[in-house]
Amino acid sequence: MQALVSRLTPSARITVLTGAGVSAASGVPTFRGAGGLWKNFRPETLATAEAFGRDPRLVWEWYAWRRSLIAACEPNEAHLVLAGWSRRFPHFTLITQNVDGLHESAFAKALSRPAGPTDVIRLHGSIWEVRCWQDCDASPKWWRDERATFPEMPPRCPHCGDLIRPGVVWFGESLDPDVVSQAAAATECDVFITVGTSAVVYPAAGFIEQARRNGAFTVEINPEATPATRSVDLALQGGAETILPQVDKLIMAV
Ligand code: APR
């Protein structure tokens, strides 16, 4: 752990990539871990545009369930440490695959200010945003919608009356190219830490290797081994909510 702590200096360019594991201690199910969403649900029937076209009500019922579950969750120590690092380290970038919004909530909690547009690079969108299914001219690209329940299921676009869809990137869909290039630029760094991801979904998983090729000191924090474990410089086995506060404490002690 000291090999990491000694590199976390104010002049260092530090990039952190997170996945579902960082929210596990908050009570948000992961996708592929024990009790993970994809153990109980079939992604192809719930998280694709085809599935939504076939049965928008079924898909929305699933996302409404996930929203109600996440709404009851609080950011954990891991989220709070990372929010704190965005202030401590001038060259800090946080990239997440998570759509739960807990990183953003941690900014409000740890820094008493809302997360700004560049504080969290969201690769897969947000479960708290929606979009018109028809992309009608009157509607913005995405808009925030935090309603716990919708007056009607499936919910409708207030601009054109057609359906709205969840603001997440589904399987088979491309990520926003601007977001991808922001994340790719952040692999030009001194320290790259991957936290709580199974490192099997691309392009996110590819950033670890890209950072390694760019000469970064690469670190993985995960209780289990992943395809990235063998190639990182340092693998810290354990929960993010335990290891990140330990690292933070050691930084403070320096
Ligand atoms: N701390 C750190 N890591 C943890 C913890 C924890 N407390 N608990 C579990 N993990 C690890 C698991 O060992 C697993 O490797 O988190 C990882 C979660 O992996 P996935 O469930 O596959 O989630 P993720 O990698 O974020 O999935 C990537 O796939 O389903 C799509 O779009 C969805 O963004 C998601 C993407």
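In listed order, ligands and their atoms are each counted from 1. Index from 1, following the sequence.
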Any idea which of T242, T197, I243 brings a heavy atom closest to atom 24 (P) of ligand 1? T197

Taking only heavy atoms of [X], which atoms of ligand 1 are found under 4.0 Å from at least one of them?
X	value
E224	13 (O)
F171	30 (O), 31 (C)
G19	26 (O)
G239	1 (N), 6 (C), 7 (N)

Heavy atoms from other residues, nucleotides or ligands near NZ of K249 exceed 12 (cutoff 6.0 Å):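 No, the 6.0 Å shell around NZ holds no more than 12 heavy atoms from other groups.
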
Counting heavy atoms not belonging to D137, are there more than 12 under 6.0 Å from its CG?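 Check fails, neighbour count at 12 or below.
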
Is it the side chain (CB and beyond), the backbone, both or neither of H124 that lies under 4.0 Å from ligand 1, heavy atoms counted?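 Contact part for H124 vs ligand 1: side chain (C-beta onward).
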
What part of V201 sits under 4.0 Å from ligand 1 if we count only heavy atoms: the side chain, the backbone, both or neither?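 Under 4.0 Å from ligand 1, V201 contributes side-chain atoms alone.
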
Nearest protein heavy atom with distance in Å, relative to [atom]:
atom	result
atom 30 (O) of ligand 1	W38 NE1, 2.8 Å
atom 26 (O) of ligand 1	A20 N, 2.8 Å
atom 11 (C) of ligand 1	N222 OD1, 3.4 Å
atom 17 (C) of ligand 1	G196 O, 3.5 Å
atom 7 (N) of ligand 1	E241 OE1, 3.0 Å
atom 5 (C) of ligand 1	G21 O, 3.5 Å
atom 31 (C) of ligand 1	R32 NH2, 3.5 Å
atom 8 (N) of ligand 1	A24 CB, 3.7 Å

Is a side-chain donor or acceptor of T218 paired with a backbone partner of D233 at a separation under 3.5 angstrom? yes

State whether the side chain of W60 and the backbone N or O of I164 hold a donor-acceptor pair below 3.5 Å, judged by distance alone. yes

Quick one: does [X] get an N or O within less than 3.5 Å of an N or O on ligand 1?
X	answer
V200	no
S198	yes
A240	yes
I221	no

Pick from V81, L80, N76, V22: which one makes a side chain to side chain contact (heavy atoms under 4.5 Å, CB included) with E241?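 Option passing the side chain to side chain contact (heavy atoms under 4.5 Å, CB included) with E241: N76.
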
Basic-acidic side-chain contact under 4.0 Å: [X], [Y]:
X	Y	answer
E173	R165	yes
E50	R54	no
D248	R88	yes

Without hydrogens or angle criteria, can the side chains of [X] and [Y] be said to hold a donor-acceptor pair below 3.5 Å?
X	Y	answer
H79	S23	yes
T18	H103	yes
T229	E220	yes

Report yes if the side chains of R122 and Q97 come closer than 4.5 Å at any heavy-atom pair, otherwise no. no

Return yes when P223 approaches ligand 1 closer than 4.0 angstrom through a heavy atom, no otherwise.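 True for this residue.
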
